[in-house]
Amino acid sequence: MIALGLEGSANKIGIGIISHAPSKPPVILANLRHTYNSPPGEGFLPKDTALHHRAWVVRLIKQAIRQARITIPDIDCICYTKGPGMGAPLQSVALAARTCALLWDKPLVGVNHCVGHIEMGRSITGAENPVVLYVSGGNTQVIAYSANRYRIFGETLDIAIGNCIDRFARTLMIPNDPFPGYNVEQLAKKGRHFVELPYAVKGMDASFSGILAAADVLAKGLDESLPEEKRLRTEEGELVTREDLCFSLQETIYAMLVEITERAMAHVGSKQVLVVGGVGSNERLQQMMGMMARDRGGSVFATDERFCIDNGIMIAHAGLLEFQTGVATKLEDSTCTQRFRTDEVYVGWRE
C-alpha cells in the first residue's frame, strides 16, 4: 500500500510518499520539504506561513510523485496533519489534502503530528518500546506506550523547548536559515564559559519561560556599546560572549530534559530512549541523553534532520499504519485543530 503525506503544522511544508508491504520494512519513495524563513530577529507569522505553504504545496506534490515513479492510481490514501500546530498553516495543508482526495477519489486520514514523529522514529531506528522524548518548536513531552495509547509522563508547563531556543535566537539576532536551533547549536560549540541560568524542573514537568527571560536579561550585557563596567562578565572577570550564552542555555535546558527522561525510564523500567522532533537533531542533546542511558545500561536512538525535523513522510507513515487498521477520516470531519494531544490517539496498530 502507498500513502501520500502532507505536513504543514509550522513553517515547513513537507510532502512524503511511503510504501508498506507485508513483513517488510517501509520504503520511502519521496521525502520533500520547503521552509519559510523570516528575517533575523523575527518569528514566522501564521498568515505568511500559510501563504508560503499554498504557494509550494502543488509543485511539491507533483515533484514527489515524479520522484517516487508512481502514478495517481497507485496511491491508496491521502494523509495530512490534523494537529497540533499553527491554525492557518494547518488549514492550508488540510485544504490541499481534501482537494487531492476529491480530485483523485482517495480516502483521507487525519494524523496526529506527535504520533507521526514517534512512529517515524521507531521505524527508522528500530527502537522496540522506548521512552520517547518529543522535543520541537511547539511541543516538549516525555512519553511511554501503554495499552494502545502514547501516555504523557511529563511535559512543559509553559513554552516548548524549541520555542525557547528560537526566541533566544531572535534576541541575539541569529539568522533563521537553515533554522535557529541549528545556528544556536553551532555557536554553543564555541562557548567556553558557563553562565548560571534558572533550572526549573517540577516533578516530571519542566518550565522554560523563566530561563528564557533570564537569558534575555543577560543578553543585554553583551552590547559592545556599553561601558566596560556594565558589560556581562564571568566571576573571573572575563567578558561573556554570545557563544557562552548559547552554550549555557543549551547545557541548562538539556540537563532538565535528561532528568525528567531518566525519571520516566525508571518508572516504566525501560532501557531505551527515542529522541524525536526538530530539537532532537541537536548533537549535544543526543550526547547528554546517551551518557545518561549508558549509565543505566541502556541506549539512545535518534534520527538525522531528514526525519527529526517536520516532514511529510512521517505523516504518510503514521497515516498508513492507521489506515491499515480500518481508520479513515470522513470528508466532513477533515478539519484541523491547534490542540490535539498525543494521548488522544488510539494506537490500534500496536499490541
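In this text, all values refer to a predicted model and were calculated from it rather than measured experimentally.
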Minimum heavy-atom distance between His113 and Ile315, given as atom pair plus value:
CA-CD1, 4.4 Å

Quick one: CZ on Arg98 to OG1 on Thr329, what's the gap to the nearest 0.5 Å?
10.5 Å

If you look only at pairs with a residue in residues 59-68, which of them pass as a side-chain hydrogen bond (donor to acceptor under 3.5 Å, both in side chains), with sequence neighbours excluded?
none

Might you point out which heavy atoms bring Ile2 and Asp74 nearest each other, and give the distance in Å?
CB-O, 3.6 Å

Contacts table for residues 82-91: side-chain donor-acceptor under 3.5 angstrom, sequence neighbours left out:
{"unit_1": "Lys82", "atom_1": "NZ", "unit_2": "Asp333", "atom_2": "O", "d": "3.0"}
{"unit_1": "Lys82", "atom_1": "NZ", "unit_2": "Thr335", "atom_2": "O", "d": "3.2"}
{"unit_1": "Lys82", "atom_1": "NZ", "unit_2": "Thr335", "atom_2": "OG1", "d": "3.1"}

Say whether, by atom type as modelled, one donor and one acceptor occur between the side chain of Ser334 and the main chain of Leu331 under 3.5 angstrom.
yes

Does Ser248 use its side chain to pair, donor to acceptor, with the backbone of Val195 at less than 3.5 Å?
yes

Taking Asp343 for the side chain and Tyr150 for the main chain, is one N or O donor matched with an acceptor at less than 3.5 Å?
no

Under 3.5 Å donor-acceptor, Ser38 side chain and Gly43 backbone
yes

Close side-chain approach of Tyr199 and Met256, heavy atoms under 4.5 Å:
yes

Side chain to side chain donor-acceptor pair (under 3.5 Å) between Ser225 and Asp223, worked out
CA-CA 5 Å; Ser225 65; Asp223 190 346; 2.7 Å; yes

Distance, nearest 0.5 Å, that separates CG of Leu133 from CD of Gln286:
11.0 Å

Looking only at heavy atoms, the pair that brings Thr49 and Asn11 closest together is CG2-CA, 3.5 Å

Heavy-atom closest pair (Ile61 atom, Cys100 atom, distance to 0.1 Å) is CD1-SG, 3.9 Å

Which residues pass the ring pair (Phe, Tyr, Trp, His ring centres under 6.0 Å) test with Tyr134, sequence neighbours left out?
His117

For Arg151 against Ser146, the heavy-atom pair lying closest together:
NE-O, 3.0 Å

Is the Lys NZ or Arg CZ of Arg350 less than 6.0 Å from the centre of Tyr145's six-membered ring, within 45° of the axis?
yes

Contact summary for Gly8 and Val93, nearest pair of heavy atoms:
CA-CG2, 3.5 Å

